[in-house]
2 protein chains.
Amino acid sequence: MQLGASEMRSAPAEHGDAEPETRATSADIGEILAAYGCRFRVRRGQRLPARHDDVETIYLVRSGLVVLQSHLTEQRRLILGICYPGEIISSRFMAALPDFTVRAARAGEVTRLRQDVFDTAAARHGWLALEFMRQMRVRANRVEAHNVIVSRLTSEERVASFLLEAGLMLGKHLARGIDIELPLPRNDMADYLALNPDTLSRVLSRLRSEGLITRLGRGRAIVHDWAALEQRSPICAALQSAYQR
Amino acid sequence: MQLGASEMRSAPAEHGDAEPETRATSADIGEILAAYGCRFRVRRGQRLPARHDDVETIYLVRSGLVVLQSHLTEQRRLILGICYPGEIISSRFMAALPDFTVRAARAGEVTRLRQDVFDTAAARHGWLALEFMRQMRVRANRVEAHNVIVSRLTSEERVASFLLEAGLMLGKHLARGIDIELPLPRNDMADYLALNPDTLSRVLSRLRSEGLITRLGRGRAIVHDWAALEQRSPICAALQSAYQR
DNA sequence: CGTATGGTTGACAATCCTCAATCCGGGTGG
DNA sequence: CCACCCGGATTGAGGATTGTCAACCATACG
């Protein structure tokens with residue numbers, strides 16, 4: 001599905017509205033932004049251009065899961081971040097990396113709007129600007145934590161950190177432990193952690209043989225000993241503050 | 001020099017001032033912020049607490065050079081970023097990493113102010129908020145580029161990228177090439193690039209033996225072939241857009 | 001001129017990556 | 001319901017890159 005520029009609506013006409021400046025939760029930010037952009041479904045694997053028609057662009061993830069990726073060379077791909085529902089992606093805050101794209105890791109819905117249209121809206125609704133700032137701050141924290149993960153942690157520490165991240169965002173408490181629907185398939189997970197897929201597999205096997213986790217099929221894991229997992233990540237505290245629902 | 005909380009002034013009294021909302025350059029942002037915080041000199045190596053008295057804090061680098069660092073363990077230190085004169089550091093945009101501190105890499109001057117005081121000022125002066133946002137955007141771009149450097153580039157590509165960064169920010173054109181006053185000593189450079197100091201030394205020696213660079217004493221390098229250096233960094237474009245004077 | 005700090009270089013070790021063979025899980029069709 | 005098949009996942013052996021340690025050297029500073 002290729003969406004043309006015409007679908008990038010501009011801001012609604014400014015009929016003398018004095019909308020109350022109430023503090024909105026991220027629950028309704030979607031409703032507001034939907035009025036300024038266009039909302040559409042994405043298939044798993046679908047790519048969304050970071051800058052649509054060469055215009056600074058914002059995506060809001062409504063549902064599903066979206067990743068930011070870049071191809072350095074034919075061999076080297078990397079995943080820079082994972083965006084969960086309710087989160088905003090702004091091309092302005094992205095570096096000019098080679099072949100940078102936004103890709104849906106799971107089917108879902110997104111809202112796309114032009115950054116300049118958003119800016120206009122944010123100038124009128126102060127809380128929108130604040131919410132945008134808050135989200136960029138959270139993302140900055142995550143990118144920084146991720147920086148530490150991929151630069152200085154051992155393979156096992158990286159995997160532990162990833163499981164903590166995923167558990168904090170997606171985990172469900174069960175009697176047996178914390179059930180995590182893994183956000184990424186193996187290859188993506190490896191590119192996210194700057195590890196070889198084989199190495200990742202080995203580490204997961206080791207954690208499994210130590211009884212820390214159990215894997216259920218391809219895309220699920222159960223963490224039996226959350227505290228032990230926390231022990232294995234030197235930046236556990238940073239993850240807890242940067243990843244919370 | 002330990003500065004007490006009393007030196008963190010609050011905002012100036014609000015005498016009915018209607019300061020013109022002119023677009024200010026980063027040259028005068030220092031003058032404005034100085035009115036809200038306190039300005040002081042820092043020695044080389046001096047540490048500034050990221051959160052002063054447990055209050056969200058902003059630093060403005062007036063001169064010198066400042067780095068953001070974290071000690072993961074006794075053995076593993078890492079440098080997350082380098083801040084050049086005119087730049088703002090906000091603890092809000094920093095992850096809760098173990099032993100995170102702001103450290104002066106070169107003697108200079110900084111202005112410190114409370115984030116809440118800044119926020120009040122920014123609410124009154126729109127351009128201040130915009131300038132803050134712009135700086136956080138630039139930093140986000142740099143952190144993302146740095147992410148790629150330390151996660152996926154080879155040691156030689158990392159060093160080339162670092163020389164590009166430093167050259168773009170600090171380089172002086174000479175007849176023989178581009179003269180760079182290296183912002184960091186060897187150990188810091190290594191921790192910034194997530195390399196072992198010995199490995200870094202080896203790479204620099206190789207670049208020197210290939211005639212790409214010459215080293216002048218400890219802290220200076222001359223890049224003879226800038227184009228060749230660009231060729232060695234897969235993210236040259238991202239660096240050029242994220243690092244410009 | 002001597003000391004201290006920081007930089008260089010070599011030999012060796014550890015980690016992680018590469019490649020290839022094998023295995024498993026979840027669809028599909030009989 | 002079961003056999004089959006395909007893509008993804010696992011695991012082993014070997015190799016490349018980087019880290020570790022130690023000795024030596026250079027530079028800066030008193």
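Convention: sequence-line order gives letters A, B, ...; per-chain numbering from 1.
- Nucleic acid contact class of B:Ala190 (heavy atoms, under 4.0 Å, all strands): none.
- For A:Asn196 and D:dT11, the CG to P distance is 15 Å, given to the nearest whole Å.
- Following rounding to the nearest Å, A:Arg152 (CZ) and D:dG19 (C1') show an atom-to-atom distance of 10 Å.
- Within the 4.0 Å cut-off from OP1 or OP2 of D:dG19, at least one side-chain nitrogen or oxygen of B:Thr199 is found.
- Residue A:Arg202 places no side-chain atom within donor-acceptor reach of the base of D:dT11, judged by atom type and a 3.5 Å distance cut-off alone.
- Look at B:Ser155 and you won't find any side-chain N or O under 4.0 angstrom from OP1 or OP2 of D:dT17.
- Rounded to an integer number of Å, the gap from CG of B:Leu200 to C1' of D:dG19 is 13 Å.
- For A:Phe100 and A:His71, the ring centers are positioned 6.0 Å apart or more.
- Using a 4.5 Å cut-off on side-chain heavy atoms (C-beta onward), A:Ser70 and A:Arg77 make no contact.
- Bounding nucleotides for the chain A contact on DNA chain C, 5' to 3', at a heavy-atom distance below 4.0 Å, are C:dC16 to C:dG26.
- Here B:Leu204 lies out of heavy-atom contact (under 4.0 Å) with every strand.
- Interface remark: the A:Arg186 side chain does not form any donor-acceptor pair with the D:dG7 base, using a distance-only criterion of under 3.5 Å.
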* To do: Please step through side-chain contact (heavy atoms from CB on, under 4.5 Å) for the pair B:Leu182 and B:Leu184, ending with a clear verdict.
  => CA-CA 6 Å; B:Leu182 294 175; B:Leu184 304 175; over 6 Å; no
* **side-chain contact (heavy atoms from CB on, under 4.5 Å) assessment of A:Cys38 paired with A:Thr111** => CA-CA 5 Å; A:Cys38 71; A:Thr111 295; over 6 Å; no
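- Counting only distance, with no hydrogens or angles, the side chain of A:Thr101 and the backbone of A:Arg103 share no donor-acceptor pair below 3.5 Å.
- At a threshold of 4.0 Å, the pair A:Arg232-A:Glu210 counts as salt-bridged, since one of the basic side-chain nitrogens sits closer than that to a carboxylate oxygen.
- Among the atoms of the strands shown, none is found under 4.0 Å from any heavy atom of B:Arg158.
- Comparing A:Leu195 and A:Gly217 along DNA chain C, the residue whose closest nucleotide (by nearest heavy atom) sits nearer the 5' end is A:Leu195.
- Taking for each of B:Arg218 and A:Ser201 the nucleotide of DNA chain D with the nearest heavy atom, the 5'-most of the two is the partner of A:Ser201.
- Comparing B:Asp198 and B:Arg206 along DNA chain D, the residue whose closest nucleotide (by nearest heavy atom) sits nearer the 5' end is B:Arg206.
- Within a 6.0 Å radius of CZ in A:Arg44, no more than 12 heavy atoms belonging to other residues, nucleotides or ligands are found.
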